[in-house]
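Below you'll find the structure, written out as structure tokens, and then a few comments.
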There are 2 protein chains.
Amino acid sequence: MSNSDSQPTRSLNITEALREQLLQGEFPPHARLQEIALAERMGVSRTPIRGALSVLARDGLLEYAPNRGYTVRHFSLDDILSAFRVRAVLEGLGCRLLAEQGLADDTEQRLQQALHRGEQLLQEAQLQQGQFDEWRDMNKAFHLAILLATHNDLLVRFAKISRNIPIVFNGSFKWYTLKDFHRSQDHHEVIYSALKNRQPERADFMMQEHILQAAEILRRNYPG
Amino acid sequence: MSNSDSQPTRSLNITEALREQLLQGEFPPHARLQEIALAERMGVSRTPIRGALSVLARDGLLEYAPNRGYTVRHFSLDDILSAFRVRAVLEGLGCRLLAEQGLADDTEQRLQQALHRGEQLLQEAQLQQGQFDEWRDMNKAFHLAILLATHNDLLVRFAKISRNIPIVFNGSFKWYTLKDFHRSQDHHEVIYSALKNRQPERADFMMQEHILQAAEILRRNYPG
DNA sequence: GGCCGGGCACTTGTATACAATCCGCTTTTT
DNA sequence: AAAAAGCGGATTGTATACAAGTGCCCGGCC
């Protein structure tokens, strides 16, 4: 039997559940997360809660003060733009590395699949009606495929963490115009082309441009 | 009274103590870290140990499998070079950002101080006698000053984590020739100059070069 | 009135007891 | 003899009791 991963523990489940809630913005910034309250809410004891809080703080979603507990971190617009800038160079590096080492078959397939799905979505009428869940999934798949193909653990970890920001997490797609979606699709195609033709510089640059444009859209629309 | 940070808890102390031991290579790769054994060794109960292990796993120093506990992560040469490549773009970005926004007075002083100390150390005979503790501190101060000055939390966090690798942590200075030390000092001077003259491109490039050269020295000397 | 200090409620930190899981071994079965 | 099933020691996961720290209110004091 493939027991490569065993039963997930309560602590792990709680961690992911809480993370999801934080990313969906269900807790207001600076709110205290008290262990007993959470334990009752989630139906477990304090022990797994403490584990979850510790991890989420390490991931930057919570702030911690010894003997004083955890609070929901507030992300200013600057914080978010800073994170985008970091993510841009990281994923840019991912593209560069992948263009240097060449595309494996399965990676190429995954990328093509994402491109194809993007085309489809652009032709359907859904995007204008605020149904961008599929677009978000497609986008995620495209970016993740590149990162994973580099086999650079640290890069993957950092890139994932740098996306763990409330509001931003689901993408800022709700603010995208149809033109923005088309441009985004174009970027993906250029990036794919650069990867396939082994053009590290071009792939890196285009990915950075791609991510920084997303940041710009967010900056223009961010409340406050 | 400045109670900005309160009494560090046992968990935090243990975390840092264990981290230090891991970075010094006191545990062999793949070694199991069992909670009870560690608890006795450190003179506390399992609770703070579990907290520490969880954090260190999140920082990539340990591997974790549910119900099976923690093992010391093995870093292959490739893992280490990958980490260097990530660190290079991160600190490169730090330089770029700082060159864009300009040097604050206190940052400039810190950097000048590090440069000055570097000069001194090069003139003394210590470096050839394997006493590079001071060089390591100077180097750390230089790099950290740049990172902190960017005020980009995520960048600082990632850069710190990307240095948390056994063996590499103390720098690969033991393999440096005198020429390498001089070249490193040169790099620092060029980087400082680029920051002061607001040359983002140059600062970024030089920092990447600086870090990748360190990686190259390590690659040439890495055992196995 | 404002400042200092003690006490009290509440929260987090730690130790420990108990439950669940894993892993190696033996035993059983074919 | 090989494979499956199952027992038992050891280790991790969880709950809970207790210790220690924090913040706040209130009362005494200058």
Side-chain angles (χ1 to χ4, degrees), chain A residues 1-22 27-74, chain B residues 1-22 27-74:
Chain A
M1 175 180 62
S2 113
N3 65 343
S4 70
D5 47 4
S6 18
Q7 203 72 359
T9 70
R10 264 175 254 221
S11 209
L12 295 176
N13 289 329
I14 297 278
T15 303
E16 292 320 307
L18 253 182
R19 162 176 283 130
E20 198 57 33
Q21 293 182 25
L22 286 166
F27 297 92
H30 302 298
R32 278 188 72 179
L33 291 188
Q34 302 197 128
E35 298 173 3
I36 298 176
L38 280 174
E40 286 170 1
R41 173 178 169 149
M42 314 288 275
V44 296
S45 82
R46 283 174 57 208
T47 308
I49 297 287
R50 284 177 66 81
L53 293 176
S54 160
V55 167
L56 294 171
R58 208 72 197 164
D59 282 0
L61 285 169
L62 302 176
E63 290 185 341
Y64 170 71
N67 292 311
R68 244 167 289 179
Y70 297 86
T71 55
V72 177
R73 170 160 172 202
H74 166 70
Chain B
M1 178 179 59
S2 115
N3 64 342
S4 70
D5 45 6
S6 16
Q7 203 72 357
T9 71
R10 265 174 252 219
S11 209
L12 295 176
N13 289 329
I14 297 278
T15 303
E16 293 319 307
L18 254 183
R19 162 176 283 132
E20 198 57 32
Q21 293 181 26
L22 286 166
F27 298 93
H30 302 298
R32 281 187 69 181
L33 291 189
Q34 302 196 125
E35 298 172 1
I36 299 176
L38 279 175
E40 286 170 1
R41 173 179 169 148
M42 314 289 274
V44 297
S45 82
R46 283 175 56 208
T47 309
I49 298 287
R50 284 178 67 81
L53 293 176
S54 160
V55 167
L56 294 172
R58 207 73 197 163
D59 283 0
L61 286 169
L62 302 176
E63 291 186 341
Y64 169 71
N67 292 310
R68 246 167 288 180
Y70 297 86
T71 55
V72 177
R73 169 160 174 202
H74 166 71

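Order of the sequence lines fixes the chain letters, A, B, ..., with proteins taken first and strands second; residue numbering starts at 1 for each chain.
Residue pairs meeting the ring-ring contact (aromatic ring centres under 6.0 Å, His included) criterion with at least one member in residues 41-60 of chain B, sequence neighbours excluded, do not occur. For residues 32-73 of chain B, every residue pair satisfying the ring-ring contact (aromatic ring centres under 6.0 Å, His included) rule, not counting sequence neighbours, is listed here: B:Tyr64-B:Tyr70. Residue pairs that meet the ring-ring contact (aromatic ring centres under 6.0 Å, His included) test with at least one member in residues 44-63 of chain A, sequence neighbours left out, do not exist here.
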TODO: Using a 4.0 Å cut-off on protein heavy atoms (strictly under), produce a 5'-to-3' string for nucleotides 11-18 of chain C with B for base contact, S for backbone-only sugar-phosphate contact, and - for none.
DONE: SBBBBBB-
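Legend: residues meeting side-chain contact (heavy atoms from CB on, under 4.5 Å) with A:Thr47, ordered by chain and number and at least two apart, are A:Ser45. By the side-chain contact (heavy atoms from CB on, under 4.5 Å) test, A:Ala17 is found to be paired with A:Met42, residues two or more places apart in sequence or in another chain being considered.
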